[in-house]
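All values derive from a computational prediction rather than experimental measurement. Throughout, a chain's letter reflects where its sequence line sits, starting with A, and its residues are numbered from 1.
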Amino acid sequence: MTLRIYNTLKGTKEEFKPIEEGKVKIYICGPTVYDSCHIGHGRAVVVFDVIVRYLETIGYDVTYIRNFTDVDDKIINRGNETGMHFLEVSEKYIKEFHEDMDALNVRRATREPRATEHIDDIIDIVQLLIDKDKAYAVDGDVYFSVDSFKDYGKLSGRNVEDMKAGARIDIDDRKKNPADFALWKSAKPEEPFWDSPWGKGRPGWHIECSAMSYRFLGETFDIHGGGKDLIFPHHENEIAQSEAAFDKEFAKYWIHNGFVNINKEKMSKSLGNFLTIKKVLKEYHPEAVRMFLLSNHYRSPVDFSESSMAEASAALERVYTTLLRGEEIFGQLSVTEETGELWKNFKTSMDDDFNTAQAIGTLFEVLRKMNRTLDKNRDEISDDVKSDIQKTVSDILKIGDVLGLFTTKPSDYFESRKSASSVDEVEVEALIKERREARASKDFARADAIRDELDAMNIVIEDKADKTVWKVKS
RNA sequence: GGCGGCUUGGCCAAGUGGUAAGGCGACGGCCUGCAAAGCCGUUAUUCUCCAGUUCAAAUCUGGAAGCCGCCUCCA
């Protein structure tokens with residue numbers, strides 16, 4: 001089985017072959033840290049988190065770099081608005097980013113470099129580009145000359161002529177071509193700056209990624225990724241800078257995730273239709289959010305709504321409900337070395353361009369099968385059946401390791417929902433006890449009345465042979 | 001205006017040439033005092049529309065309609 005990845009550069013899926021056997025070097029464009037993350041940022045980060053986890057699971061040694069853009073107009077503006085130094089602004093939102101992503105069970109990258117830590121690297125590349133006649137300095141600004149790079153447009157499928165016709169580019173007489181973009185921007189009064197051969201200034205937006213990827217991954221690396229909106233101009237410009245500077249192919253595979261939509265429209269700051277991760281997590285379980293984000297293929301849009309979140313929550317609950325039955329048998333769920341059919345199917349789905357949606361589909365088929373087996377063997381469970389169930393449980397947990405799901409002990413999952421809600425557990429237990437007594441004396445009217453009362457408290461009960469369990473509705 | 005993508009059952013969603021996964025919902029059944037959970041069954045002869053290629057198309061080609069994205073900061 002081989003891993004196939006959709007490569008934006010080629011416009012098609014192709015077999016993944018790492019540059020160096022057994023190793024993967026991957027660079028992802030992280031956020032510009034000027035405000036809280038919304039769920040759209042969450043999707044990008046979760047998608048690549050899963051991709052990296054999967055690459056590691058199938059045996060690759062992964063070097064994962066995800067940067068923070070910590071100097072930029074928006075950050076500076078934010079600092080001016082709030083009276084904070086721009087680095088205080090970026091620090092604040094980097095901290096928030098980590099809080100949010102930790103909550104979503106996203107693992108840290110191998111390194112998370114910041115643009116301001118690599119100003120020297122940036123200046124070196126800009127100078128190299130000037131020396132090679134690929135860039136030019138004007139009044140303290142430095143621009144990349146798109147005409148000097150014949151492949152300009154190869155990632156996004158555009159050409160410089162079309163863009164001129166588009167006329168949405170600022171006309172700036174100092175530029176040789178309107179599509180030329182800034183590598184270095186001279187400092188305006190009150191702006192932060194660093195000294196450079198071209199005077200006081202700061203880096204343009206794209207150059208930092210060329211500098212940091214070069215620093216940590218070298219001239220050529222395996223995978224570069226980010227949101228679809230970065231294809232142009234950001235990634236196009238990165239390619240131009242890096243390939244012009246080093247005369248080597250920049251990144252082999254380009255992976256771009258689709259957006260989180262609200263009412264079919266892209267969630268974004270400018271449209272104002274965004275929901276912060278913090279806000280979403282107040283209402284939904286973090287794993288439900290991940291389940292939601294992974295329920296569609298990563299390149300497709302995914303529509304955020306109350307009903308889609310309810311669906312994801314229900315899906316998560318269904319997995320935990322089944323896992324709980326496993327926990328009742330084994331006491332503690334565990335992963336075994338041996339893998340089963342489910343794991344094989346999971347790998348098949350993931351090998352096909354990280355198809356988490358399909359993977360989750362097969363998971364549910366297995367869930368049904370496991371429940372069926374459990375139902376059939378309710379009274380007595382043979383060792384054969386037990387080992388079968390154990391294998392399934394193990395596969396589910398392994399899949400959870402890749403998707404970042406099912407990390408909680410099932411009984412704890414349901415218990416934590418109780419403590420997280422506002423219900424009075426003592427009161428609930430008392431009502432359930434009363435109901436059991438009513439049922440024992442065949443006073444079903446009273447028993448049903450109590451159940452209705454509990455229902456009104458958002459509690460659902462299940463009568464088992466020897467006990468009654470209760471859950472908080474999701 | 002340029003470039004790209006999407007359109008699958010009531011809803012969500014996989015599926016890139018071999019005869020429509022899965023989830024939610026609905027309905028019927030098993031289980032239950034009744035429920036809930038779980039299980040079983042039913043729920044798209046059909047994949048926006050039109051034409052074409054093919055023994056065979058949701059999947060390929062051409063055209064139409066609708067929706068969306070990028071071209072300006074954006075995950």
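Applying the Watson-Crick and G-U wobble criteria (two distances, each under 3.5 Å), B:rC67 pairs with B:rG5. Here B:rC31 sits opposite no nucleotide as a Watson-Crick or G-U wobble pair (both hydrogen-bonding atom distances under 3.5 Å). Both distances falling under 3.5 Å, in either a Watson-Crick or a G-U wobble arrangement, occur for no nucleotide opposite B:rA75. In this entry B:rA20 has no Watson-Crick or G-U wobble partner, no candidate having both defining distances under 3.5 Å. Judged by Watson-Crick or G-U wobble contacts below 3.5 Å, the nucleotide B:rA26 has B:rU42 as its partner. Look at B:rU61: its Watson-Crick or wobble partner, with both distances under 3.5 angstrom, is B:rA51.
Rounded to whole Å, atom C1' of B:rG69 lies 10 Å from atom CZ of A:Arg158. Between the NZ atom of A:Lys464 and the P atom of B:rA36 there is a distance of 14 Å, rounded to whole Å. B:rC73 atom P lies 10 Å from atom CG of A:Asn237, rounded to whole Å. Between A:Leu155 atom CG and B:rC71 atom P the separation is 14 Å, expressed in whole Å. A:Glu462 places its CD atom 8 Å from the P atom of B:rG38, with the value rounded to the nearest Å. At whole-Å resolution of the value, CZ in A:Phe444 and P in B:rC34 are 9 Å apart. Here B:rG4 presents its P atom at 10 Å from OH of A:Tyr6, a figure rounded to the nearest Å. Atom CD1 of A:Ile389 is separated from atom P of B:rG38 by 15 Å (rounded to the nearest Å).
Cation-pi check for A:Lys10 over A:Trp254 is not met; the charged atom does not lie both under 6.0 angstrom from the ring centroid and within 45 degrees of its normal.
When the P atom is compared between B:rA58 and B:rG17, the two are found 13 Å apart, to the nearest whole Å. Going from the P atom of B:rA75 to that of B:rC12 covers 28 Å, rounded to whole Å. Remark: the separation of the P atoms in B:rC70 and B:rC27 is 42 Å, to the nearest Å. B:rU8 sits 12 Å from B:rC47 when the P atoms are compared, rounded to a whole Å. For the C1' atoms, the distance from B:rG9 to B:rU46 is 9 Å, rounded to whole Å. Annotation: B:rG29 and B:rG66 have their C1' atoms spaced 42 Å apart (nearest Å). Between B:rC40 and B:rG23, the distance separating the two P atoms is 10 Å to the nearest Å. A gap of 15 Å separates the P atoms of B:rA57 and B:rU48, to the nearest Å.
In this structure, A:Tyr320 and A:Phe414 have perpendicular ring planes: the angle between them is above 60°, well past the 30° mark. Below 30°, between 30° and 60°, or above 60°: for A:Phe232 and A:Tyr152 the angle between ring planes is above 60°, a perpendicular geometry.
Residue-level contact check: A:Gly226 touches the backbone only, with heavy atoms under 4.0 Å from sugar-phosphate atoms and none from bases. Nucleic acid contact class of A:Val47 (heavy atoms, under 4.0 Å, all strands): none. As judged by a 4.0 angstrom heavy-atom cut-off over every strand, A:His256 is placed among residues making no nucleic acid contact. Using a 4.0 Å heavy-atom cutoff across all strands shown, A:Thr322 reaches no nucleic acid atom at all. Residue-level contact check: A:Phe48 touches neither bases nor backbone, having no heavy atom under 4.0 Å from any strand. Residue contacts for A:Arg325: at a heavy-atom cut-off of 4.0 Å it reaches the sugar-phosphate backbone alone, with no base atom in range. A:Gly258 comes within contact range of at least one nucleobase, with a heavy-atom separation under 4.0 Å. Using a 4.0 Å heavy-atom distance criterion, A:Thr321 is classed as a sugar-phosphate-only contact.
The environment of A:Lys386 atom NZ is sparse: at most 12 non-hydrogen atoms of other residues, nucleotides or ligands sit within 6.0 angstrom. The local environment of CZ in A:Arg108 is crowded, with over 12 non-hydrogen atoms from other residues, nucleotides or ligands closer than 6.0 Å.
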Scoring nucleotides 18-31 of chain B by protein non-hydrogen atoms under 4.0 Å (B base, S sugar-phosphate only, - none) yields ---BSBS-------
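Candidate nucleotides B:rG33, B:rA75, B:rA37 were compared by shortest atom distance to the side chain of A:Val260, and B:rA75 ranks first. Proximity note for A:Asp448 (side chain, C-beta onward) versus B:rG33, B:rC68, B:rG38: the nearest is B:rG33. Picking from B:rA37, B:rG15, B:rA75 the nucleotide with the shortest atom distance to the side chain of A:Asn355 gives B:rG15. Comparing atom distances between the A:Arg372 side chain and each of B:rA37, B:rC40, B:rG38 picks out B:rC40 as nearest. Residue A:Phe232 places its side chain closer to B:rC70 than to any other of B:rC70, B:rC12, B:rA36.
For the OP1/OP2 pair of B:rC70 and a distance below 4.0 Å, the side-chain nitrogens and oxygens of A:Lys266 include at least one atom meeting the criterion. An OP1 or OP2 oxygen of B:rA13 is reached within less than 4.0 angstrom by a side-chain nitrogen or oxygen of A:Asn296. Under 4.0 angstrom from either OP1 or OP2 of B:rA75 there lies no side-chain N or O belonging to A:Asn257.
Residues A:Arg78 and A:Met84 are not in side-chain contact: their nearest non-hydrogen atoms beyond the backbone lie 4.5 Å or more apart. Side-chain contact between A:Arg451 and A:Ile459 is absent, with no heavy atoms from C-beta onward closer than 4.5 Å.
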May I have the step-by-step check of side-chain hydrogen bond (donor to acceptor under 3.5 Å, both in side chains) for A:Ser186 and A:Asp141, ending in yes or no?
CA-CA 5 Å; A:Ser186 59; A:Asp141 294 329; 3.0 Å; yes
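The residue from A:Val160, A:Asn237, A:Ile239 that alone fulfils the side-chain contact (heavy atoms from CB on, under 4.5 Å) condition with A:Phe149 is A:Ile239.
Counting all heavy atoms, side chain and backbone alike, A:Ala103 lies closest to A:Pro286 at O-CB, 3.2 Å.
For B:rG33, its base sits under 3.5 Å from the side chain of A:Arg435 at one donor and acceptor pair at least. One can find a donor-acceptor pair under 3.5 Å joining the base of B:rC73 and the side-chain atoms of A:Lys74.
Residue-to-nucleotide proximity on RNA chain B shows that, of A:Leu271 and A:Ser307, the 5′-proximal contact is made by A:Ser307. With the nearest nucleotide of RNA chain B identified for both A:Ile461 and A:Ser156, A:Ser156 has the one nearer the 5' end.
To the nearest 0.5 Å, atoms CZ (A:Arg4) and CG (A:Asp351) are separated by 10.5 Å.
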